[in-house]
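Presented below is the structure to which this report refers.
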Amino acid sequence: MPLPGNETFARLLAAEGGWSMVESETRRFPDGETYFRILSEVKGHAVDLVCTLAAPDDQFLRLVFAADTAHRLGAAEVTLVAPYLAYMRQDKVFNPGEAVTSQTFARLLSATFDRIVTVDPHLHRYPLLSALYQIPADSLHAAPVLADWIAANVAAPLLIGPDEESVQWVSGIASRIGAPFEVLRKTRHGDRSVEIAMPDLSAHRLRQPVLVDDIASSGGTLIEAARQFSAMGLPRPICAVVHALFAGDAFALLSEVAARVVSTDTVAHASNAVSVAPLIARHLNTLPLRKES
């Protein structure tokens, strides 16, 4: 069952898994409150609520109403399929009095759903998603599908990671397609200010740089790195990201300095070129109740 704005991805997911779409109706009352109604029979079925959480504050209450209604109507299990999972970055108190929103959001979702399935959540201080959520929480990885796109569309790629933390992720993509990789050194001075130190790439001058990242929000790291490639006489990089948030004018600025920008469809965006629907559908089909429903 898609929440508004998630219909295209939900249709892809249903087609991949061979499932039917649950129909619903939602609207705003004149006072701004939400009306929600499930129109399909869900009793005894495993119900997947499909909602990427790129704008969680606008979506959360409707998610709660949908999940609660599905439970009340007798759904055997209600799973949140959130290709992008929000509120993962504030994972500690940096300044006195701050909310640790990742923990609060996890408690709220854990009280609402039976399971959550997402793609490449921003796990920094949490070793696993299960360390944060009190329900089964499945983290799928988009690196293989990004790697396959790069192999099929880029001749002689050189994989570039945005920082030292990306070594394992970037090396996995490089290993899958038999390409070399390098990693940048990044110093962040604020939400939109980063300093990039480039490694010596002279041995790779005949290769096409491919900058890969999990999340592009302000785009600052990718934009600054792409500018430095040109200054070094290297080809403009292709930028490949999992979650295309691209706040404000980030996408336009990155497009000016990159040869191409591609992303997965965890967040609907003009740059979407790789679908993770098959990845998620394969996983859902392995879960209990799936065959019976």
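We number each residue from 1, following the sequence as shown.
Proximity of Arg62 to Pro4: side-chain heavy atoms (C-beta onward) are separated by under 4.5 Å at one or more points. In this structure the side chain of Val100 never reaches within 4.5 angstrom of the side chain of Phe94, judged on heavy atoms. Residues Thr264 and Ser275 form no side-chain contact, since every pair of their non-hydrogen atoms from C-beta on lies 4.5 Å or further apart. No side-chain heavy atom of Tyr35 sits less than 4.5 Å from a side-chain heavy atom of Arg28. For the pair Leu13/Val50, a side-chain contact is recorded, criterion being any heavy-atom separation below 4.5 Å from C-beta on. Side-chain contact between Pro2 and Cys51 is absent, with no heavy-atom pair separated by less than 4.5 Å. Side-chain contact check for Thr8 versus Asn6: every heavy-atom pair is 4.5 Å or farther apart.
Phe60 meets the ring pair (Phe, Tyr, Trp, His ring centres under 6.0 Å) test with Phe105; sequence neighbours excluded.
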Does the pair Leu49 and Leu3 meet the rule for a side chain to side chain contact (heavy atoms under 4.5 Å, CB included), with working shown? CA-CA 7 Å; Leu49 275 176; Leu3 272 289; 3.6 Å; yes
Start with the C-alpha distance between Val42 and Thr69, add both sets of side-chain angles, then the distance that settles side chain to side chain contact (heavy atoms under 4.5 Å, CB included), and finish with yes or no. CA-CA 10 Å; Val42 299; Thr69 303; over 6 Å; no
Could you walk me through whether Val78 and Asp68 pass side chain to side chain contact (heavy atoms under 4.5 Å, CB included), step by step? CA-CA 9 Å; Val78 181; Asp68 187 64; over 6 Å; no
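The backbone N or O of His283 lies less than 3.5 Å from a partner atom in the side chain of Thr286, making a donor-acceptor pair. Side-chain N or O atoms of Thr52 include one that pairs as donor or acceptor with a backbone N or O of Tyr84 at under 3.5 Å. With Glu41 contributing its side chain and Lys43 its backbone, the two residues share a donor-acceptor pair below 3.5 Å. In this structure a side-chain-to-backbone donor-acceptor pair under 3.5 Å is present from Ser110 to Gln134. Under the 3.5 Å distance criterion, the side-chain polar atoms of Ser102 are left unmatched by any main-chain donor or acceptor of Arg89.
Counting only residues at least two apart or in different chains, salt bridge (charged side-chain N to carboxylate O under 4.0 Å, His left out) contacts with residues 251-262 are absent.
Each of Ile238, Leu184, Leu158 was evaluated against Leu211; a single residue qualifies, Leu184, per the side chain to side chain contact (heavy atoms under 4.5 Å, CB included) test.
Atom CG of Leu206 is surrounded by 12 or fewer heavy atoms from other residues, nucleotides or ligands within 6.0 Å. When the shell of 6.0 Å around CZ of Arg205 is examined, it contains more than 12 heavy atoms from other residues, nucleotides or ligands.
Residues Thr266 and His243 have side chains that bring a donor and an acceptor to within less than 3.5 angstrom of each other. Donor-acceptor pairing under 3.5 Å is lacking for the side chains of Asp138 and Tyr133.
Arg27 and Glu25 are joined by a salt bridge, as a carboxylate oxygen and a charged side-chain nitrogen come within less than 4.0 angstrom of each other.
Between atom CZ of residue Arg37 and atom CG of residue Leu73 there is a gap of 10.5 Å, rounded to the nearest 0.5 Å. Distance check, rounded to the nearest 0.5 Å: CG of Leu279 to CD of Glu16 gives 10.5 Å. How far CG of Asp120 is from CE of Met88: 11.0 Å, rounded to the nearest 0.5 Å.
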